[in-house]
Amino acid sequence: HLLCVVFLTTMLASLSAAGEIQRRLAIRDDVEDSQHLVLAESFDAVGNVQIGNRSCSGTLVKSTDGSLKVLTSAHCVDRDSDNVSDVKLSSVSFHTGLELEGPSAHAVAIAIPKWDGKGALDLAVITLGGASTGELPIGLVVSHTNPEGQPVTLVGYGTHGNGMPPFENLFDGRRRAATNTADAVFTDGELEGQIRTDFDHPREPAFSTMGDATPTPLEGTSGEGDSGAPLISGGRVVGILHGGENPTDFGFSEYGDIS
């Protein structure tokens, strides 16, 4: 499945492609899930955005005015792509913690810079009120650096599985992280603003659909519920997950998929 990330240039980019929304965070079938849970421990600023009975992932970021801001995907709060949030503020909240046991806060405003259904514009900025309990984590820094060819990490609360059948599409509300490589960054044309990664197979190079066919040690791709999750490079947020597409004959979030 294609993982689409919006490149944070003049506006935050979206990890996105012109395709379906990802079905689950998928990892290598030869690596224990526990390693991805451990990797996620370093990213306290990544949380779960609850929108009524739906959820996406999001990232608490440092803002110049000191307010609490969360970056997520516009399609999570604007389903008809008209650049206006179509959800009630009272239904939107941000929850933190490895198993969502940490501090949480409700939304007080939602801004959508420019969302027209295209992946590279799939960004919403949620302003939070004070935390309901405890203190929210320190936000991450946003970077406009082009990450092409660099190692990247994606972090989210989406459903999970591995690149092989059966495709359980499991969800347990736990934060996971996976690594990859930013195989392509588009700086002009119809795909401007997109960052793309593919899910490389640990034993079959033919499954690689772009870039180097060698997977990272904790290679993975995104899943349903990971929309809005950050793509992190050098400890900074460089993109926001939008979705992806599936160029192989297999299911979503499997080897060969592009994010």
Side-chain angles (χ1 to χ4, degrees), residues 1-9 12-31 36 39 57 73 118-123 142-156 158 162-164 176-223 226-259:
H1 195 120
L2 178 66
L3 171 67
C4 298
V5 182
V6 177
F7 178 36
L8 302 181
T9 49
L12 272 169
S14 298
L15 243 126
S16 58
E20 298 291 331
I21 302 304
Q22 287 276 40
R23 299 305 181 204
R24 57 190 167 283
L25 189 148
I27 63 175
R28 293 170 53 153
D29 65 284
D30 59 347
V31 174
H36 294 270
L39 180 63
S57 296
S73 291
K118 296 180 180 179
L121 303 174
D122 192 2
L123 172 72
V142 172
S143 173
H144 302 294
T145 302
N146 187 326
E148 186 167 9
Q150 298 301 308
V152 292
T153 302
L154 56 105
V155 189
N162 60 38
M164 303 289 288
R176 287 174 171 80
T179 58
N180 210 301
T181 301
D183 292 309
V185 177
F186 297 89
T187 57
D188 55 27
E190 291 184 2
L191 301 181
E192 181 179 0
Q194 290 187 14
I195 302 170
R196 295 188 174 191
T197 68
D198 72 340
F199 187 18
D200 294 314
H201 197 294
R203 298 173 299 279
E204 300 290 342
F207 277 84
S208 179
T209 48
M210 61 192 310
D212 192 334
T214 304
T216 61
L218 293 178
E219 182 98 358
T221 191
S222 61
D226 287 322
S227 290
L231 189 73
I232 297 171
S233 179
R236 299 189 174 199
V237 180
V238 295
I240 300 298
L241 175 68
H242 163 73
E245 59 189 38
N246 177 235
T248 70
D249 293 331
F250 300 96
F252 296 112
S253 299
E254 297 156 32
Y255 293 125
D257 285 1
I258 300 171
S259 285

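Computed from a predicted structure; not experimentally measured.
The shortest heavy-atom contact between Gly220 and Ala178 is CA-CB, 3.6 Å. Here the shortest heavy-atom pairing between His36 and Leu218 reads CE1-O, 3.3 Å. Taking every heavy atom of both residues into account, Thr209 and Asp198 meet most closely at N-OD2, 2.9 Å. Pairing each heavy atom of Thr145 with each of Val238, the nearest pair is O-CG1, 4.1 Å. Listed here is the closest heavy atom pair of Ser57 and Gly156: OG-CA, 3.6 Å. Residues Ser73 and Ser227 approach most closely at OG-C, 3.8 Å, considering heavy atoms.
Asp200 and Thr214 share no donor-acceptor pair across their side chains, judged by distance under 3.5 Å alone.
Partners of Thr216 under the side-chain hydrogen bond (donor to acceptor under 3.5 Å, both in side chains) rule, at least two apart in sequence or in another chain, are Thr179, Glu219. For Gln150, the side-chain contact (heavy atoms from CB on, under 4.5 Å) criterion is met by Ser233, not counting sequence neighbours. Partners of Asp30 under the side-chain contact (heavy atoms from CB on, under 4.5 Å) rule, at least two apart in sequence or in another chain, are Arg28, Pro202, Arg203.
For the pair Thr181 and Asp212, the minimum side-chain heavy-atom distance is 4.5 Å or more. Contact of the Pro217 side chain with the Val31 side chain is not registered, since no non-hydrogen atoms from C-beta on lie closer than 4.5 Å. Side chains of Leu231 and Ile195 form a contact here, defined as non-hydrogen atoms less than 4.5 Å apart.
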Steps toward side chain to side chain contact (heavy atoms under 4.5 Å, CB included) verdict (Ile232, Val155): CA-CA 8 Å; Ile232 297 171; Val155 189; 4.1 Å; yes
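For the pair Asn180 (side chain) and Val152 (backbone), a donor-acceptor distance under 3.5 Å is absent. Side-chain N or O atoms of Thr197 include none that pairs as donor or acceptor with a backbone N or O of Thr221 at under 3.5 Å.
The CG atom of Leu121 lies 9.5 Å from the CD atom of Gln194; values are rounded to the nearest 0.5 Å.
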